[in-house]
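Comments concern the structure below.
As the structure is a prediction and not an experimental result, all values here were calculated from the model.
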Amino acid sequence: MSPHNLIDPFGRKVHYLRLSVTDRCDFRCRYCMAEDMTFLPRSQVLSLEEMTTIARVFRSLGGDKLRVTGGEPLIRRDVLHLFQNLGKLGFADLSLTTNGSRLAELAHPLVAAGVHRVNISLDSLHPERFRDITRTGDLRSVLAGIEAAQRAGFRRVKLNTVIMRHFNLDELVPLTAFALDNGLDISFIEEMPLGEIDSHKRRDEFVSSAELREHLSSVFFLTPIDESSGGPARYWAVQGHANRVGFISPHSHNFCASCNRVRVSAEGRILLCLGNEHSADLRAVLRNAPADQQDSALAEAFVEALKLKPERHHFNLDEAPQILRFMNATGG
Ligand code: SAM
Ligand code: SF4
């Protein structure tokens, strides 16, 4: 099958897969999860071998970017083994999104396995507030993880931050300064209405990327970088610093026209759009096909699934969430 098969009905070439390796997490971030979560029974979660097969087939269809995410990917047992296998598949860009809690011990082995880039979530530099936002997280272990990542030799280490008006808006400048002073990029993500949460009203906490940029412009000299990463983030250069500040704005800047990605959830559903329910069951394909036909059956399922990719997402903070999946189930 040729790489050109990974084109959706709107002519978008899909070459980027985000693979969720678990829906579980050691944190319970307020915007991501409810405090009391029910996770998937283990039998429904793909095995590490099944995940490797999915990545290998995606690669054979022309995919060249793979990001491992979750839940918290680094709490999955034997996850290093998975990375070692993924590292052999020849992806031009193999990356990871993590909350950083286990990076202090895993950063070096991950680089050795062939992981190129890492994104680490960080929403506060105050230990108590960090604990409050994540409900269970320990800031010290995350800061140690960030440090280890910097030493380990990734091509790029980036911070991801969700700003909520009444939780951490006052840390916009300190978090940005922390990133820039430590040689890190930082992206601010607008909170998305994924899953029903009880912690806060998303509408009350929403701060648009434009507002964040205006705030930051009073402290830093920002210049838009005229380059598309092929992804949803738009980047600004900061005078006097080598690193960039990015904004991911699913509400205020619709990026669907250039969407180049699909997601596979931990239970093996291929999700064609973060903001829509369109999906197909790759686990059933994998588990029902005879061993020697798994790859071809999966390749066909990928190509068929792409036909379901919707044109765009529609997020509305004033309505009850349309998407009942939490972000941890989707794979962020
Ligand atoms: N556990 C890892 C982490 O926190 O980086 C990876 C998975 S997490 C779901 C991926 C990213 O999604 C994180 O940067 C997190 O801040 C972000 N995220 C989670 N829920 C979100 C939501 N409702 N809106 C916007 N971003 C969200
Ligand atoms: Fe866990 Fe990441 Fe969700 Fe926080 S954002 S609860 S760290 S999956």
Side-chain angles (χ1 to χ4, degrees), residues 16 18 20 25 27-33 67 69-73 95-100 117-125 129-130 133-134 137 142 146 156-176 178-179 184-195 197 199-200 202-216 222 224-225 228-236 243-256 258-259 261 263 271 273-275 313 315-317 321 323 325-332:
Y16 180 13
R18 295 171 81 108
S20 171
C25 188
F27 292 4
R28 296 283 182 279
C29 301
R30 289 174 175 278
Y31 47 76
C32 178
M33 291 192 186
R67 176 174 291 277
T69 180
E72 175 44 43
S95 62
L96 159 73
T97 304
T98 174
N99 65 23
R117 297 188 297 130
V118 62
N119 288 356
I120 308 168
S121 300
L122 181 70
D123 299 325
S124 175
L125 291 165
R129 183 184 283 179
F130 184 87
I133 293 175
T134 60
V142 174
I146 293 172
R156 195 177 77 167
V157 181
K158 182 163 81 80
L159 301 182
N160 276 343
T161 301
V162 176
I163 293 286
M164 295 179 287
R165 189 173 296 282
H166 302 100
F167 285 88
N168 60 351
L169 179 55
D170 58 340
E171 286 194 72
L172 174 66
V173 170
L175 281 162
T176 306
F178 172 84
L184 303 163
D185 290 349
I186 184 165
S187 284
F188 294 99
I189 311 174
E190 287 177 352
E191 184 176 345
M192 289 173 262
L194 299 174
I197 52 165
S199 139
H200 57 271
R202 297 197 199 262
R203 159 61 71 199
D204 295 347
E205 299 308 322
F206 179 72
V207 191
S208 73
S209 295
E211 184 178 337
L212 296 181
R213 244 181 344 261
E214 198 182 314
H215 248 302
L216 282 178
L222 301 178
I225 299 175
S228 165
S229 61
R234 291 178 300 157
Y235 287 99
W236 267 253
N243 291 93
R244 315 177 295 174
V245 180
F247 298 91
I248 301 175
S249 324
H251 295 277
S252 52
H253 169 74
N254 189 279
F255 38 70
C256 301
S258 60
C259 185
R261 63 197 57 198
R263 295 173 163 80
L271 302 159
C273 171
L274 193 55
H313 68 246
F315 287 141
N316 185 347
L317 288 171
I323 303 295
R325 298 186 301 266
F326 289 99
M327 189 70 155
N328 71 302
T330 307

I would like to know whether Ile146 and Leu159 meet side chain to side chain contact (heavy atoms under 4.5 Å, CB included); could you show each step before the answer? CA-CA 9 Å; Ile146 293 172; Leu159 301 182; 3.9 Å; yes
Nearest heavy-atom contact between Ser20 and Gly71 is OG-N, 4.5 Å
Can you sort out the partners of Glu214 under side-chain contact (heavy atoms from CB on, under 4.5 Å), two or more places apart, ordered by chain and number? none
Looking at Phe130 and Thr134, what are the two nearest heavy atoms and their distance? O-OG1, 2.7 Å
Do you know which two heavy atoms are closest between Arg165 and Phe206, and how far apart they sit? NH2-O, 3.4 Å
Glu191 (side chain) donor-acceptor with Val162 (main chain) under 3.5 angstrom: no
With sequence neighbours left out, what residues match Asp123 under side-chain hydrogen bond (donor to acceptor under 3.5 Å, both in side chains)? Tyr31
What one should report as the nearest heavy-atom pair of Pro224 and Trp236 is N-CD1, 3.3 Å
Using side-chain hydrogen bond (donor to acceptor under 3.5 Å, both in side chains) as the criterion, list what pairs up with Thr161, not counting sequence neighbours. none
Those residues at least two apart in sequence (or on a different chain) that pass side-chain hydrogen bond (donor to acceptor under 3.5 Å, both in side chains) with Ser121 are none
Which residues pass the salt bridge (charged side-chain N to carboxylate O under 4.0 Å, His left out) test with Arg213, not counting sequence neighbours? none
The criterion is ring pair (Phe, Tyr, Trp, His ring centres under 6.0 Å); which residues satisfy it with His215, sequence neighbours excluded? none
Please examine the side chains of Arg234 and Ser249, heavy atoms only from C-beta on, and report whether any two atoms are closer than 4.5 Å. yes
For the OG atom of Ser209 and the CG atom of Leu216, what is their distance to the nearest 0.5 Å? 10.5 Å
In chain order, what residues pass the ring pair (Phe, Tyr, Trp, His ring centres under 6.0 Å) check against Phe178, with sequence neighbours excluded? none
With sequence neighbours left out, the residues meeting salt bridge (charged side-chain N to carboxylate O under 4.0 Å, His left out) with Glu205 are none
For Arg129, which residues count as a salt bridge (charged side-chain N to carboxylate O under 4.0 Å, His left out) partner, sequence neighbours excluded? Asp170, Glu171
Residues in side-chain contact (heavy atoms from CB on, under 4.5 Å) contact with Asp185, at least two apart in sequence or another chain: Arg156, Lys158, Asn243, Arg244
Contact summary for Asn168 and Met164, nearest pair of heavy atoms: OD1-N, 2.6 Å
Does Arg117 have any salt bridge (charged side-chain N to carboxylate O under 4.0 Å, His left out) partners at least two apart in sequence or in another chain, and if so, which? Asp93
Could you tell me which non-hydrogen atom of Tyr235 sits nearest to which non-hydrogen atom of Gly246, and how far apart they are? CD2-CA, 3.5 Å
So how far is it from Met33 CE to Ser199 OG, rounded to the nearest 0.5 Å? 13.5 Å
OG1 of Thr97 to CZ of Arg18: how many Å apart, nearest 0.5 Å? 5.0 Å
Qualifying residues under side-chain hydrogen bond (donor to acceptor under 3.5 Å, both in side chains), relative to Thr98, sequence neighbours excluded: Glu72
Mind checking the CD-CG spacing from Glu190 to Leu212? Nearest 0.5 Å is all I need. 7.5 Å
What's the separation between atom CG in Leu122 and atom CD1 in Ile186, rounded to the nearest 0.5 Å? 7.0 Å
At what distance, to the nearest 0.5 angstrom, does OG1 of Thr176 lie from CZ of Phe188? 3.5 Å
